[in-house]
A.B. asks: 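Sharing a structure below in C-alpha cells format, with a few things to ask.
Order of the sequence lines sets the chain letters (A, B, ...), proteins ahead of strands, with each chain counted from 1.
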Protein chains: 2
Amino acid sequence: MASRREVAELAGVSEATVSRVLNGVGPIREETRRRVLEASERLGYVPSALARSFARSKSGNLGVVLPYVPKAHLFSAYFFSEMLSGIGSKARDNGLDLLVMFQTAGEVMNYTDLFRRQKIDACIILGARHDQDELAAMQQLDREGHPFCVMNQHFASESFMEVDADHVEGSKLAIRHLTDQGYRKIAFLNGPDSYSNSQDRLEGVRLGLHEAGMELDPGLLLEGNYSRRSGIEAAASIANRLYEIDAVFAANDRMAIGVMHGLRERGVRTQDFPAFVGYDDSDAGEMAVPALSSVRVPFFEMGELAVSKLMQGTNGIADARGQKGYHSTVTFDSLRTLLPTELIIRASSNRRIEE
Amino acid sequence: MASRREVAELAGVSEATVSRVLNGVGPIREETRRRVLEASERLGYVPSALARSFARSKSGNLGVVLPYVPKAHLFSAYFFSEMLSGIGSKARDNGLDLLVMFQTAGEVMNYTDLFRRQKIDACIILGARHDQDELAAMQQLDREGHPFCVMNQHFASESFMEVDADHVEGSKLAIRHLTDQGYRKIAFLNGPDSYSNSQDRLEGVRLGLHEAGMELDPGLLLEGNYSRRSGIEAAASIANRLYEIDAVFAANDRMAIGVMHGLRERGVRTQDFPAFVGYDDSDAGEMAVPALSSVRVPFFEMGELAVSKLMQGTNGIADARGQKGYHSTVTFDSLRTLLPTELIIRASSNRRIEE
DNA sequence: TTGTAGGCGTTATCAC
DNA sequence: GTGATAACGCCTACAA
C-alpha cells in the first residue's frame, strides 16, 4: 500500500500538495494536478479515511438507530428495510456511511456518547421508545446541539427534527373510501394510544367519519398492538358482531391480516367478510386473500428526506463530505415534515372487485 | 467536553495512566485506578473513538454489504432484516459497530478500498452478485488477506469464508414430507440456476425423490426468479396441468404465494389446490391462505455465526476490541459452515389440517 | 507501577 | 501555487 509520501516523491511535489489535489482544495496548477493524480493512480494510493476523520474530527458516519426487533417481528421488516434503503441512498449521495445500531431490550441507548466518542456526525432514530428515559436521552442530544432526526414519531412540546407521514390524512382517505362505497358500520382497530402514530390515525378516522356526517362509535373502536396476533384477538370480538360491522379499518396491514385469519378460524367465509382496509401497504397486504386495500406510506422517501434535512440547517452537517461539492436543492423550513400518503385499493374493500 | 489531560490533572497522574486505566491494560495500583475512574466520571470524560481507531489503525467497524433492493423487493425484506439483526447482535458482543452498505445497480462495489481506507476491519457480504466482476473483487479481497465472509452463497473452487444453510437437506425434508403423505406428482419451482442456492435445492429435491424411489421429472421442473411475480407466471403452466401435478415445492415463500395467487386468478378454488411447500418460513408464508408449509432457515443464527467466524482464525480480527476480554467458545474448523434447516408444517401441505 | 515521548496519516495554517 | 510544520487525541514501547 503506497503512502502519500511516495506519491509526493514520484510526483515531485510535497505531501501537502498531494492532499490539496486529492481533496480538490486550494489553487493548483493544472500540470501539478495531473502529475499528482498520475502518481497516485500508478502507486494505487488510497488515503486513510481514519486519519482523515481524525484530522477533521468528523467520522463521516450517519448513525441509524433501529428498534429492538430480533425474533419478535414487532415492527414489520418491510417498514424498516424501506426506510433504511432510503436513508442509505441519500447518505451515499452525501458521502456519508451508515452506522447501524439496534436498540436493546431493557436499556436506553446512550445517544450523546455516540457523538462524543465521534462515532457519528448525525443520527436518525427509527425506533424511539415511548418512555421517559428515551425522551430524556433525546432532550440531551438536543441540548448539546447534536443533529438528529426522529422518524415516524412525533414528540409534542419538543422541538426535534422529525419526519413523518401524514397519518391523519391517510386515515381520512381510508374512511372516505369506505363511506363512499356505502359502508357505515366501520370498526377501527388502532394501535396503542401511546404512539403518536396511533393518535394521528384516530384523528383521521374522526375527520373521515365526520365528513360523511357520522360520529366515531366508541363501541367500534378496538385496540391492538400492531401485531398479527392482536389482530387475531380482535377478530374474536368482530366475529360475534358481524351484523353490526360491515367494514374494518386497521392501523396496519399485519393486524388487518390477523383479523382476516381470526375470522376464518371462527368459520367466517371469505364472501361474508366485512370490507377491509389496512395501513402501510406492505408486501404482506398485497399477498393477502383477498388482496388488502391499504394506505401506502412512502417509507423510502421518508428515509431520503431525513438525511436531506440533516444535511442542512443551523446544526446541519453540510460540510461532512470532502470531495465533490454538495448542493441541496430543497430547503425545509419547519422542523417537522410530513409526507403524503396514498390509498391503494384492492379487492378487500372494493365491491366491484370482490367476487 | 472534558479532555484526557484534565482527567489526568484532576487524578494527579499522567495521561498515559489515564489511558491504561480506561483500557484496562498494564499493571495499575488499585488506588490510582480508583482516582482516575473517579476523575473521569466526575468530568464526564469520553475518549474519542476516532482518535483511538486512528492510533490503533483499526476502525472497529464491521462492514455489511446488502444486495441492491430498494423498491424492487427482489430479496425478501424478512431475509435480510433477520440476518442483519443476527449480525448486529453478535457484533455488539464483540464491540464492533456495523457499517452498512448497499450495492448499487450497475457497478461492483470496491471492497478492497473499504479496507485500505480503513473504514472497516472485516466484512460480511450478503448480496454478492453472480458475475465475473464481483468474483474478481472478492478474489482480490482474499488475495490481500482481508477478513470477509460470504453469506447464503457458495463459490465453488474458491476458498472464501462462507456461512450458509443446508439447502440440500432442507429441500430433501420438504420432498420427503410430501412423498410421505402420498404426493407423487411434485412440481418444483426453483430459482435461477446461477445461484448456488438454487443448485443446492435442486440437489436436495433429487435426493428426496430418490429416497422415495422416484426420479426428477424434467417436465415438472420450473424456473422462476424468486419473485412473487414469477410465481404467478409459473401458475399459468401449473393451472393447466393440475391433473398431473398434486404438489408444488417452491424455492421460496414468495414464489409459492405467487403460484397460489396465480391459480386463484385462473379460477382454481382453494380446495382444489395442490399441496404447497415454500422455503424461508417468512412472515408472509405464515399469513398466506392456506398457511404455507415452509423450510425454516435460521437467518438470525447465520448472521451471528458469520461474525463469530470472522472473530477468529488466521486472518481474524480477534483483537478488534479494546476493553473487556473477548473469548470465543466455539471454533470453526472449515471455511464453509452450514446451519441446519427445519420443516415447518402448516395447512398448505397437511392433509389432516386441510379442510 | 508510572511517566516520557515518539508515532499514527491527514488537515490546515503559515510563510515563501 | 507550493512547501514546511504544527496540531489532532490516543496508544505504546521504553525508561525510570
A.B. asks: Mark up nucleotides 5-16 of chain D, 5' to 3', with B wherever a protein heavy atom is under 4.0 angstrom from a base atom, S wherever such an atom reaches only the sugar-phosphate, and - elsewhere.
C.D. replies: ---BBBBBB---
A.B. asks: Can the ring centres of F148(B) and F160(B) be said to be less than 6.0 Å apart?
C.D. replies: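 They qualify: ring centres under 6.0 Å apart.
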A.B. asks: In this structure, how many angstroms lie between the P atom of dT2(D) and the CZ atom of R33(A), rounded?
C.D. replies: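 Going from R33(A) (CZ) to dT2(D) (P), I get 12 Å.
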A.B. asks: Could you state the CZ-C1' distance from R35(B) to dG3(C), rounded to the nearest angstrom?
C.D. replies: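 Rounded to whole Å, this separation is 14 Å.
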A.B. asks: dG7(C) C1' sits how many Å from L50(A) CG, rounded?
C.D. replies: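 Taking CG of L50(A) and C1' of dG7(C), I get 15 Å after rounding.
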A.B. asks: Reckon T32(B) has a side-chain N or O less than 4.0 Å from the OP1 or OP2 of dT1(C)?
C.D. replies: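 For dT1(C), neither OP1 nor OP2 has a side-chain N or O of T32(B) closer than 4.0 Å.
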A.B. asks: Just checking S53(A): base, sugar-phosphate only, or nothing, at a heavy-atom cut-off of under 4.0 Å?
C.D. replies: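 It contacts nothing in the nucleic acid.
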A.B. asks: Any salt bridge between K309(A) and E162(A), counting N to O under 4.0 Å?
C.D. replies: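 E162(A) and K309(A): not salt-bridged.
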A.B. asks: Do the side chains of R35(A) and E38(A) get close enough for a salt bridge, i.e. N-O under 4.0 angstrom?
C.D. replies: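 So R35(A) does not pair with E38(A) through a salt bridge.
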A.B. asks: Which whole-number value in Å describes the distance from E30(A) CD to dT2(D) P?
C.D. replies: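 Distance check: E30(A) CD to dT2(D) P gives 10 Å.
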A.B. asks: Tell me, with the steps shown, if S89(A) and F102(B) meet side-chain contact (heavy atoms from CB on, under 4.5 Å).
C.D. replies: CA-CA 8 Å; S89(A) 162; F102(B) 294 92; over 6 Å; no
A.B. asks: Sort out for me which residue in S40(A), S48(A), S19(A), P47(A) forms a side-chain contact (heavy atoms from CB on, under 4.5 Å) with R4(A).
C.D. replies: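 Testing each of S40(A), S48(A), S19(A), P47(A) against R4(A), the sole residue satisfying side-chain contact (heavy atoms from CB on, under 4.5 Å) is S19(A).
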A.B. asks: Run the salt-bridge test on R5(B) and E9(B) with the 4.0 Å N-O cut-off and return the result as yes or no.
C.D. replies: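 Salt bridge between R5(B) and E9(B), a charged N being under 4.0 Å from a carboxylate O: yes.
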A.B. asks: Rounded to the Å, how far apart are L22(A) CG and dA12(C) P?
C.D. replies: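 Nearest whole value for this atom pair: 14 Å.
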A.B. asks: Rounding to 10 degrees, work out the angle separating the end axes of the helix from dT1(C)-dA16(D) to dC16(C)-dG1(D) (five pairs an end).
C.D. replies: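 Here the helix ends are tilted 40° relative to one another.
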A.B. asks: Just checking, is any N or O donor in the side chain of E134(B) or Y111(B) under 3.5 Å from an acceptor N or O on the other one?
C.D. replies: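 Y111(B) and E134(B) do have a side-chain donor-acceptor pair below 3.5 Å.
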A.B. asks: Does the side chain of Q153(B) come under 3.5 Å of the side chain of H130(B) through a donor N or O and an acceptor N or O?
C.D. replies: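 Checked: Q153(B)/H130(B) side chains pair up, N/O donor to acceptor below 3.5 Å.
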